[in-house]
Every structure is written in structure tokens, then in C-alpha cells.
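Only one structure is covered here, and it is reproduced in the block below.
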2 protein chains.
Amino acid sequence: MPGGRPRAFDLDTALDRALEVFWRQGYEGTALSDLTAAMRINRPSLYAAFGNKEELFGKVLDRYVDGPAAFAAAALDAPRARDVVERLVYGAIDLTTGAHTPRGCLNVRCAQACGPQAESVRQEVVSRRMASQAALRRRLERAQSDGDLPADCDPADLARFVMTLTDGIAVQAAGGSGRDELRRVAETALRAWPTAK
Amino acid sequence: MPGGRPRAFDLDTALDRALEVFWRQGYEGTALSDLTAAMRINRPSLYAAFGNKEELFGKVLDRYVDGPAAFAAAALDAPRARDVVERLVYGAIDLTTGAHTPRGCLNVRCAQACGPQAESVRQEVVSRRMASQAALRRRLERAQSDGDLPADCDPADLARFVMTLTDGIAVQAAGGSGRDELRRVAETALRAWPTAK
DNA sequence: CTAGTTTTGTACCGGTCGATAAAAAACTAG
DNA sequence: CTAGTTTTTTATCGACCGGTACAAAACTAG
């Protein structure tokens, strides 16, 4: 029945461009004019397609975890706990030091920046981060019950240790540290990973 | 010769209040109205005493390193490299999880958030962070030549490892991790610290 | 063709941003 | 007292913020 004027841009392409801007500039640091310029659409088109700035950001977060950050969920499928952690850490390094993407991590960046206006956005990012950490903890619990991890380890502590490491990697990458430098950091840090005796 | 109307507020008290706001909200997330409200002065007084928002932020950074973050410079005076690193890491935990201060680290927060407007501010924070890391590297080089650190270690890599850890701690603290949890993380991570064989 | 629907482009809204002009107020020197 | 200096107060500036009203444009259905 209805036709209407066809949309002149691709939704996912526009989302990817918005992701790039939020990734580089954070939520508060990104103005609507930055978004419309990068997405090459005008303001009413953005609002019609994505709601408002905060809703657009939520869709960008989804696209981030399904795209550039998809390695994190996939890492949990590795056979051994040590492999899971290595995939997470080295994946974080690759993500945050990519040649064609902004330095650092969208989630880490937006979990930090926060005036009173953006507090709800920050909370959303923080709870997503906590969910990721909990997923890693459950994976490590499973590893422990499989005998893949020593019994005298606390999976919650180890999960937090790994996330602390990847968070630090994201900060360092945003500050200019390069891929090789961070790989040496990871190699050092992973010496702390418990081994079966 | 000159007298003039006496200033009705204390400069350092006002700076401390500005620090508290920038610490919690970041540079971009803090509006002039937030600052004047917290500092309990009006806008022209702020400009007369501190220049503008960016100059005020620079003075706040100085006050941060001389106050809450002073442990970092002091840690370098510890006798052994291991003590230096422990003081840095546990000091970072105490700093970022203080009961009467915002969660997280002012420097880490402001090195992340950055629209185009605040890029110069971010660069300032980033270079200060790099200077801290270089100071730690030099301290570790000294330790190595003193035989306090194995010869097959790279002080630059170890300094970056420690900063990555403290950066991650700051992010975790901002995300809600508590002091005891982060101390267990630190204990785990420091198992990676090289020991003389 | 016309009627109905959706997107586009333009122009604009009130609110807030960082920053300042101007005058009143509070001090010192003489 | 008066003259000179500095800070305070009030009121405001232009620019930009996120968000929208409105009409022209581009499509489908009949």
C-alpha cells in the first residue's frame, strides 16, 4: 500500500560512520553537526532514522559489539581458559591500535567521560562492561570445574584482572602506545596467569 | 601603593573545589556554571583569578599531581624497584577508590574524553602521562644498573606494563570496582613482576 | 492523472555554552 | 575626605547545543 520517498542513504553505512565519530570523540565530545557531517545526512533524516542522539548511540554500541568488538564474545569459545584470555587480550590490542579506526576503545572512552547530562549514557556503557566481565567470570568458572584452571583461583578475581588489563591497554592505546609495545605488555602480564601445577 | 578590594575567597580552596568537579565530570563534561557553583564564586572572579576554563584546568592538573596524586612521584624514592611498583599500584588503587573523592583518575578520564574543542587539553594530559611513564622507566633503568632488576628485562616495557595496570585500575574504579577487589587484581598482576633468579 | 505516504532540504526554536562590559563595592595611600 | 586600584555583581554577548516545523520532492497505489 504505501510507498513514500525512498531513503537516500544506507542505514548500516550511516551507523558505521556514526560509530567512527563516537569512537574517536566520545559521546559528549560529539555534536550533532559532527554526526550529520560524517554520516552525510541532514539532521531530520538522522532523527527520523535513529530517534535522537542517545538512541543513535545505543545502536552504535550494538554495532560495535557485533562488529569491531565481536572478538570478545567469540573469545569465550576458545577451548582452554588460557586461550580465552589470550584472545581477549591480544584482540583488545588489535582493536585499540587498528590502523583504520580510532585509537582506544569506544566503551572505555564513554565509560569515563560524563557530565551530568550524559550520566545515563555512561551508566548504559558501564552495565554493558559489567555484563562482559560477568560472562568471562562464568567462562572461567566452567574452566575451573573442568580442571582447566587451578582450584585455588577465584574466577571473579581473574576475570577482573583480565578486564583491568584490557582496560589499561585501551587507555595506553589512546595515549599513543603501539601494537608491538602493547603486545610486550600483554606477554609480561600474562606471566601472572595461573598454571596447573 | 595599591590596595584594591580584597579577594573574598581562597585561591587554593577554590582550586580544590574545581578539581573535585573536573575529577568527577572530566573537562568537557564540566560547564562553567558547574565550576562557579562548586567554587562559590561568580564567573568574572573565576576569569580574573584563573584565566579561562583551559588555564584553570591546567592549574587543577598541577594541584592534582601535588596533592592526591603526589604518591606517584614519591613512589620513585622507594629503595627497591619492587617497592616502587607496589607503591605505584596500591597508591593508584587508593587514589581511585577514595571514599571522599570521585571514583577513577582525573588524568585517565581526561586523556580519553575529547571532542575537537578539547583536543589541546587532551594532548596536555597525554604528554604529562608520558612524562610520568618516562620517569618510571628511568627509575627502573637505575634499578637495573644497580642489580635490583634482572638484566634480561626492558625497563621501558616494564614501565609501560605498570602504567597499563594503573590505567586499568582507574577504569575499573570508575566502573564501580572496590578497593579490596582491585587489591586482589594487583596481587595477581604483580606475580608477573620479574624476580632475581 | 490524483491521492496518500515517506524522506529530503531549509530554516528555525529555546536553552546553554564560554567569555566579557560596565558599574557598584571594598580596600590602601595620602 | 579624595584618588587610585582591585574585586564583586549584574547583565549580557555571539556561538553553538540538541531538537523540530514546514514545505518541497520522490515514491506507490489506484
Side-chain angles (χ1 to χ4, degrees), chain A residues 1-15 17-19 21-22 24-61 110 113-122 124, chain B residues 1-15 17-19 21-22 24-61 110 113-122 124:
Chain A
M1 49 272 291
R5 178 169 176 171
R7 185 178 283 120
F9 62 94
D10 180 65
L11 281 176
D12 287 336
T13 302
L15 259 188
R17 289 172 175 159
L19 165 60
V21 180
F22 277 129
R24 183 169 349 98
Q25 305 187 359
Y27 181 78
E28 287 183 322
T30 300
L32 259 294
S33 55
D34 296 327
L35 290 168
T36 54
M39 300 165 84
R40 295 174 210 163
I41 61 179
N42 40 33
R43 210 164 290 213
S45 297
L46 188 154
Y47 277 82
F50 302 107
N52 58 19
K53 186 185 178 184
E54 187 166 345
E55 288 180 43
L56 169 61
F57 183 73
K59 295 179 168 71
V60 161
L61 284 182
C110 295
C114 46
Q117 314 267 22
E119 180 57 26
S120 65
V121 168
R122 196 188 70 93
E124 170 68 20
Chain B
M1 52 265 296
R5 178 168 175 170
R7 184 178 282 121
F9 62 95
D10 180 66
L11 282 176
D12 287 336
T13 303
L15 260 187
R17 289 172 176 158
L19 166 60
V21 181
F22 277 129
R24 181 167 351 97
Q25 306 188 357
Y27 180 78
E28 286 182 323
T30 301
L32 258 294
S33 54
D34 296 328
L35 290 168
T36 54
M39 301 165 84
R40 293 173 212 164
I41 62 180
N42 38 34
R43 210 164 290 212
S45 296
L46 188 155
Y47 278 83
F50 303 107
N52 58 19
K53 186 186 178 184
E54 188 166 344
E55 289 180 41
L56 169 63
F57 183 73
K59 294 179 168 73
V60 161
L61 284 182
C110 295
C114 46
Q117 313 268 19
E119 181 55 28
S120 65
V121 168
R122 195 187 71 93
E124 170 69 20

**OP:** Using the ring of B/F22 (Phe, Tyr or Trp, six-membered ring only), decide whether B/K53 places NZ or CZ under 6.0 Å from its centre and within 45 degrees of its axis.
**Re:** no
Subject >> Expected output: side-chain A/E28 to main-chain A/G115 donor-acceptor under 3.5 Å >> reply: yes
Subject >> Between P of D/dA25 and CZ of A/F9, the distance in whole Å >> reply: 20 Å
Subject >> Nucleotide nearest A/A31 when distance is taken to its side chain, options D/dT8, C/dG18, D/dC17 >> reply: D/dC17
Original post:
Rounded to the Å, how far apart are B/Q25 CD and C/dC17 P?
Top reply: 11 Å
Subject >> Side-chain heavy atoms of B/L56 within contact of B/L15, under 4.5 Å >> reply: yes
**OP:** Would you mind classifying the nucleic acid contact of A/T30 as base, sugar-phosphate or nothing, using non-hydrogen atoms under 4.0 angstrom?
**Re:** sugar-phosphate
Original post:
Starting at the 5' end of DNA chain D, which residue's closest nucleotide do you reach first, B/P44 or B/P6?
Top reply: B/P6
Subject >> A/S45 vs C/dT7: side-chain N/O to OP1/OP2 distance below 4.0 Å >> reply: no
Subject >> Sugar-phosphate only, base, or nothing, as touched by A/A49 at under 4.0 Å among non-hydrogen atoms >> reply: nothing
Original post:
Under 4.0 Å: is that the gap between some side-chain N or O of A/R7 and OP1 or OP2 of C/dT7?
Top reply: yes
**OP:** Take atom CG of B/L56 and atom C1' of C/dA19, then tell me their distance rounded to the nearest Å.
**Re:** 14 Å
Subject >> Interatomic distance where CD belongs to A/Q117 and C1' belongs to C/dT16 [whole Å] >> reply: 9 Å
**OP:** Look at the side-chain N and O atoms of A/S33 and state whether any lies under 4.0 Å from the OP1 or OP2 oxygen of D/dC16.
**Re:** no
Subject >> A/R24 and B/C114, any side-chain heavy atoms less than 4.5 Å apart >> reply: no
Original post:
C/dT8, D/dT8, C/dA19: which one has an atom nearest the side-chain heavy atoms of B/Y47?
Top reply: C/dA19
Subject >> Gap between atoms CZ and P, on B/R5 and D/dT7 respectively (whole Å) >> reply: 10 Å
Original post:
Can you find a heavy atom in the side chain of A/V60 that is under 4.5 Å from one in the side chain of A/L19?
Top reply: yes
**OP:** Please state how far atom CD in A/E28 lies from atom P in C/dC17, giving the value in whole angstrom units.
**Re:** 11 Å
Original post:
Quick check: are there more than 12 heavy atoms from other residues, nucleotides or ligands sitting under 6.0 Å from CD of A/E119?
Top reply: yes
Subject >> Distance, rounded to the nearest Å, where B/L32 contributes CG and D/dT12 contributes P >> reply: 19 Å
**OP:** Answer yes or no: is there a side-chain heavy-atom contact under 4.5 Å between B/K59 and B/F50?
**Re:** yes
Subject >> Any side-chain heavy-atom pair of A/L32 and A/Y47 under 4.5 Å >> reply: yes
Original post:
Does the base of D/dG18 carry an N or O that pairs as donor and acceptor with the side chain of A/R43 under 3.5 Å?
Top reply: yes
Original post:
Using Watson-Crick and G-U wobble pairs whose two distances are both under 3.5 Å, how do you write the pairing of DNA chain D as dot-bracket, with | for links to another strand?
Top reply: ||||||||||||||||||||||||||||||
**OP:** Grab the NZ-C1' distance between A/K53 and D/dC16 for me, whole Å please.
**Re:** 12 Å
**OP:** Please determine if a side-chain N or O atom of B/N42 lies less than 4.0 Å away from the OP1 or OP2 oxygen of D/dT9.
**Re:** yes
